[in-house]
Asks: 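Below you will find the structure I want to go over with you.
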Amino acid sequence: MHWADVAAQSLSHKGDKHVVSTGITPSGEFHIGHLREILTGDMIARAARDAGLDVDFVFVIDSADPLRKVYDFLGPEYEQFVGNQLGAIPAPKDDGNPDWERFENEGWTYANHFLEPFLSALHQIGVQPRLVDNLESYRKGNFAALSKIACDRADDIRECIERISGRELPDDWFPWSPLNSKGGLDKVRVIGYEYPLVHWEDEYGQNGSSDITKGEGKLPWRIDWPAKWGWIGVTCEAFGKDHGAAGGSYSTGREIVEILGHKPPQPLVYEWISLKGKGAMSSSAGNTVGPIEALQLVPPEILRLLIAKSKPNKAIEFDTGMGLVTLADEYERLSARDFEQELANQELSRRQRVQIEDAAGAMRMASTISGNQVQSAAVTFRHLALLAQTKKSDEDVWRSLKDSGAVLTVTPQLQDRLDRMRYWIQSSHFPDEMRIKILSQPSVDVIQHFNKEEEDILRALTVELSNCQWTKKDISAAIPRSIESLAVSHKWLAYKVAYLCLMGVEKGPRLAPILSEMNQNEIVSLLESCIKILDS
RNA sequence: GGGCCUGUAGCUCAGUCAGGUAGAGCGUCGGACUUUUAAUCCGAUGGUCGCGGGUUCGAACCCCGUCAGGCCCGCCA
């Protein structure tokens with residue numbers, strides 16, 4: 001059974017109505033690591049709906065969290081906002097400085113700025129969560145009742161956090177962080193509490209009172225999270241392994257939520273995604289691939305498959321090079337299979353059955369539209385990469401595919417895939433080994449090892465190519481013609497010789513279309529240089 | 001110091017919760033086919049399940065220990 005179905009089955013034992021929640025702090029550029037958070041939740045929600053449960057899928061935007069520091073991509077003006085809430089400060093412009101104009105005129109915040117492109121990526125990927133803005137929720141009073149319990153039972157919560165996390169809280173710790181006189185959550189100390197007011201004094205010499213029912217502050221993270229579970233009614237949440245460790249925020253949260261009078265949600269801990277060869281995603285280290293960029297390379301179904309096929313506790317290495325080819329080709333293979341038919345076979349061992357079920361489940365989760373049969377593009381990534389490199393116009397690509405019978409009509413999906421392929425080829429992610437290159441100089445090492453037979457073929461080939469019309473059709477006829485008058489052992493040797501001389505490898509893509517795009521004189525003179533090497 | 005996760009074929013992993021002949025895909029090798037020669041099809045190859053003990057008729061799976069890698073116990077998906 002697919003992991004999402006396992007989670008759904010477990011939920012079904014607990015009731016028919018569920019709220020599956022996810023949450024991200026919009027502190028900077030989103031990356032595909034964040035996609036795992038959302039997609040893991042989305043897949044559980046889909047599986048639960050497929051199992052007949054009533055599911056509300058929620059994405060909490062943690063806009064009430066403070067700006068922790070002036071990140072590298074921010075200008076020095078952001079110093080004044082450190083400690084202030086992300087949903088209450090202006091967004092950075094391209095130069096890293098705050099965009100006051102949009103902030104004042106449209107209320108365009110830091111949180112909006114980073115969230116918007118992510119939401120558009122989610123739309124493409126087929127994820128449609130109900131959005132909950134955390135800062136707005138505080139302001140509307142959604143946290144009011146639970147904040148009161150937390151403040152009333154400050155000692156119980158303190159005991160819980162100290163016991164489970166093993167960390168000692170300062171004497172003036174209080175389960176409510178008030179906003180100071182400059183709108184920040186730091187540099188402030190709680191000096192008293194009388195519901196609904198938390199009294200404070202800050203390092204600027206000011207003091208005041210924060211109304212916990214009006215969002216004039218927030219609950220500290222370890223209480224904020226369980227309070228969200230409480231008022232939203234979360235019954236299931238997937239979260240990163242950082243929260244999942246013993247002593248981490250889930251282990252304190254599950255007890256704190258009971259103090260607040262609610263049940264903890266069913267957890268699912270997932271591993272992180274790293275960029276192949278570059279370690280964990282980190283915005284500050286600059287080694288990120290954003291969801292938008294990832295979508296320029298791969299179609300959304302394939303991105304979904306990446307998450308769906310790996311069990312959550314497996315770390316994923318996102319490889320934008322050859323790994324992408326393998327992944328995409330795997331998708332094509334899977335989409336061509338008939339899982340129902342395979343499962344009808346009674347002879348299957350338990351192990352084989354599990355494997356087929358998991359593959360079927362992964363494909364069910366990969367579709368951007370729940371319940372839709374995933375569609376095969378009928379063309380592998382490899383083949384398309386080849387065509388996209390050798391054909392200048394899209395029309396030529398389609399003609400080739402139609403001629404070969406691989407494709408009957410050009411669907412929007414195919415066009416879409418070709419567009420992404422062309423983008424990928426131009427990007428730095430495109431792997432060298434996929435790149436078609438005609439040598440500029442002959443590969444001396446290779447040519448020197450030619451035997452007599454290969455040498456003869458080379459001479460004949462050179463003559464044929466220099467005499468033929470420089471069109472695809474004539475070139476493709478010319479290559480096999482070069483061996484006609486020779487008693488060669490294998491007819492494919494003509495191609496082997498051509499590949500070795502022109503590309504330095506034994507096998508390659510169809511030569512004629514590539515050569516026809518090149519200059520005849522250059523190709524012929526390359527072959528002549530090869531002959532010179534043999535003559536010398 | 002305390003804790004979590006991972007370790008199975010060259011690679012990516014399933015199988016561990018419910019112990020019962022060691023599994024897939026990719027790769028590799030071989031063959032077929034071909035003016036679709038990075039394609040396609042067929043076949044083969046491949047593992048002391050990290051290591052050591054224990055429980056059991058029987059252990060990749062349960063228990064104890066151990067090694068290695070990653071992570072958490074301020075913040076982070």
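Values below: all heavy atoms of this structure, side chains included; hydrogens, waters and symmetry mates excluded. Residue numbering restarts at 1 for every chain, and letters A, B, ... go by the order of the sequence lines.
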Asks: Mind checking what makes side chain to side chain contact (heavy atoms under 4.5 Å, CB included) contact with A:N467, not counting sequence neighbours?
Replies: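 Side chain to side chain contact (heavy atoms under 4.5 Å, CB included) check on A:N467 returns A:V463.
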Asks: Measure NZ/A:K314 against P/B:U6 and give the value in whole Å, please.
Replies: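 Rounding to the nearest Å, NZ of A:K314 and P of B:U6 are 7 Å apart.
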Asks: Taking only nitrogen or oxygen atoms into account, show me every contact under 3.5 Å that the protein makes with nucleotides 40-46 of chain B, one pair per line with its distance.
Replies:
none

Asks: For A:F450, give me all partners under ring-ring contact (aromatic ring centres under 6.0 Å, His included), at least two apart in sequence or on another chain.
Replies: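 Counting only residues at least two positions away or on another chain, A:F450 forms no ring-ring contact (aromatic ring centres under 6.0 Å, His included).
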Asks: Given the C1' atoms of B:U28 and B:U66, what is the spacing between them in whole Å?
Replies: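 So the two C1' atoms sit 35 Å from each other.
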Asks: Base, sugar-phosphate, or nothing: which does A:T22 touch, judged by heavy atoms less than 4.0 Å apart?
Replies: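 Here A:T22 touches no strand at all.
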Asks: Using the test side chain to side chain contact (heavy atoms under 4.5 Å, CB included), find all partners of A:A294 that sit at least two apart in sequence or belong to another chain.
Replies: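 So A:A294 forms a side chain to side chain contact (heavy atoms under 4.5 Å, CB included) with A:I32, A:V289, A:L303, A:F318.
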Asks: Looking at the rings of A:F239 and A:Y250, which for Trp means the six-membered one, are their centres under 6.0 Å apart?
Replies: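 Yes, ring centres under 6.0 Å apart.
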Asks: Between B:G25 and B:G46, how far apart are the P atoms? Round to whole Å, please.
Replies: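 Going atom to atom, P in each nucleotide, I get 16 Å.
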Asks: Taking only residues two or more places apart in sequence, or in another chain, which ones meet A:P220 in a side chain to side chain contact (heavy atoms under 4.5 Å, CB included)?
Replies: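 Testing A:P220 for side chain to side chain contact (heavy atoms under 4.5 Å, CB included), a comparison that skips the adjacent residues, returns A:S177, A:I223.
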Asks: Rounding to an integer number of angstrom, what distance separates B:G31 and B:C13 when you compare their P atoms?
Replies: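 It works out to 33 Å between them.
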Asks: For nucleotides 22-31 of chain B, list the nitrogen or oxygen atoms of the protein found under 3.5 Å from its nitrogen or oxygen atoms, one pair per line.
Replies:
unit_1	atom_1	unit_2	atom_2	d
B:G23	O2'	A:Q355	OE1	3.2
B:G23	N2	A:Q355	NE2	3.0
B:A24	O4'	A:Q355	OE1	3.3
B:G25	O2'	A:R333	NH2	3.0

Asks: Using a cut-off of 4.0 Å on non-hydrogen atoms, how would the nucleic acid contact of A:A359 be classed: base, sugar-phosphate, or nothing?
Replies: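 Touches nothing.
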Asks: Rounded to whole angstrom units, what separation is found between the OH atom of A:Y499 and the C1' atom of B:A39?
Replies: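 Taking atom C1' of B:A39 as the reference, OH of A:Y499 is at 11 Å.
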Asks: Look for any protein N or O under 3.5 Å of an N or O in nucleotides 73-75 of chain B and output each such pair with its distance, or none.
Replies:
unit_1	atom_1	unit_2	atom_2	d
B:C73	O2'	A:S165	O	2.3
B:G74	OP2	A:R167	NE	3.3
B:C75	O2'	A:R68	NE	2.9

Asks: If we take the P atom in both B:A60 and B:G52, what is their distance in whole Å?
Replies: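 Nearest-Å result for B:A60 against B:G52 at atom P: 13 Å.
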Asks: Nearest whole angstrom, please: distance from the C1' of B:C71 to the CZ of A:R36.
Replies: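 To the nearest whole Å, that distance equals 14 Å.
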Asks: Could you check how far CD of A:E29 sits from C1' of B:C76, rounded to whole Å?
Replies: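 So the CD-C1' distance, A:E29 to B:C76, works out to 16 Å.
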Asks: In whole Å, measure the gap between the P atoms of B:G50 and B:A68 for me.
Replies: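 The same atom, P, in both gives a distance of 16 Å.
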Asks: Starting at atom OH of A:Y250, determine the distance to atom P of B:C5, rounded to an integer number of angstrom.
Replies: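 One finds 14 Å between P of B:C5 and OH of A:Y250, rounded.
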Asks: Is A:K311 close enough to B:U6 that one of its side-chain N or O atoms is under 4.0 Å from OP1 or OP2 there?
Replies: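 False: A:K311 side-chain N/O out of range (4.0 Å or more) of B:U6 OP1/OP2.
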Asks: Below 30° counts as parallel, above 60° as perpendicular, anything between as tilted: where do the rings of A:F118 and A:H34 land?
Replies: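 Correct class here is perpendicular.
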Asks: For residues 1-13 of chain A, which residue pairs pass the side-chain hydrogen bond (donor to acceptor under 3.5 Å, both in side chains) check, not counting sequence neighbours?
Replies: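 Checked against side-chain hydrogen bond (donor to acceptor under 3.5 Å, both in side chains) - neighbours excluded - the pairs reaching residues 1-13 of chain A are A:D5-A:R364, A:S10-A:Q266.
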Asks: How would RNA chain B look in dot-bracket form, 5' to 3', counting Watson-Crick and G-U wobble pairs with both distances under 3.5 Å and writing | for bases paired to another strand?
Replies: ((((((((.[[[[.)....(..]]]].(((((.......))))).....[[[[[..)....]]]]])))))))....
Asks: Which sits closer to the 5' end of RNA chain B, A:S476 or A:N313, going by the nucleotide each is nearest to?
Replies: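 On the 5' side of the pair lies A:N313.
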Asks: Hey, which of these two, A:D65 or A:S310, hits RNA chain B nearer its 5' end, going by closest nucleotide?
Replies: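 The 5'-side residue here is A:S310.
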Asks: Yes or no on salt bridge (Lys or Arg N to Asp or Glu O under 4.0 Å) for A:D42 and A:R304, after CA distance, side-chain angles and deciding distance?
Replies: CA-CA 10 Å; A:D42 179 66; A:R304 289 186 68 111; 2.7 Å; yes
Asks: For A:E317 and B:U6, give me the distance from atom CD to atom C1', rounded to whole Å.
Replies: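 In whole Å, B:U6 C1' lies 14 Å from A:E317 CD.
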Asks: Does a sphere of radius 6.0 Å around CD in A:Q469 hold more than 12 heavy atoms from other residues, nucleotides or ligands, not counting ones at 6.0 Å or beyond?
Replies: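 Not buried by this count: 12 neighbours or fewer within 6.0 Å.
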Asks: If you measure from CE on A:M503 to CG on A:L511, what distance do you get to the nearest 0.5 Å?
Replies: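 One finds 7.0 Å between CE of A:M503 and CG of A:L511.
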Asks: Taking the P atom in each of B:C61 and B:U8, what is the distance between them to the nearest angstrom?
Replies: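 These two P atoms come out 14 Å apart once rounded.
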Asks: Which pairs, with at least one residue in residues 126-135 of chain A and sequence neighbours excluded, count as a salt bridge (charged side-chain N to carboxylate O under 4.0 Å, His left out)?
Replies: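 Applying salt bridge (charged side-chain N to carboxylate O under 4.0 Å, His left out) to every pair that reaches into residues 126-135 of chain A, excluding sequence neighbours, yields A:D56-A:R130.
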Asks: For A:Y78 and A:F73, I'd like to know if the aromatic rings sit close, meaning centre-to-centre distance below 6.0 Å.
Replies: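 Between A:Y78 and A:F73, the centre distance exceeds or equals 6.0 Å.
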Asks: Quick one: salt bridge (Lys or Arg N to Asp or Glu O under 4.0 Å) partners of A:D242, sequence neighbours excluded?
Replies: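 A:D242 satisfies salt bridge (Lys or Arg N to Asp or Glu O under 4.0 Å) with no other residue.
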Asks: Can you check the A:I316 CD1 to B:C13 P distance for me, whole Å?
Replies: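 Roughly 9 Å, once rounded to whole Å.
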Asks: If the C1' atom of B:G15 is compared with that of B:G7, how far apart are they to the nearest Å?
Replies: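 Roughly 15 Å separates the two C1' atoms.
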Asks: Output all residues satisfying side chain to side chain contact (heavy atoms under 4.5 Å, CB included) with A:D172, sequence neighbours left out; order by chain, then residue number.
Replies: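 A:D172: side chain to side chain contact (heavy atoms under 4.5 Å, CB included) contacts with A:P170, A:R189.
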Asks: Please indicate whether A:E79 has more than 12 foreign heavy atoms, meaning atoms of other residues, nucleotides or ligands, lying under 6.0 Å from its CD.
Replies: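 It does not: A:E79 CD has 12 such atoms or fewer within range.
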Asks: Between P on B:A18 and CE on A:M1, what's the gap in Å once rounded to a whole number?
Replies: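 Result: 13 Å.
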Asks: Can you check the distance between B:U21 and B:U34, where both ends of the measurement are the P atom (answer in whole Å)?
Replies: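 Nearest-Å result for B:U21 against B:U34 at atom P: 44 Å.
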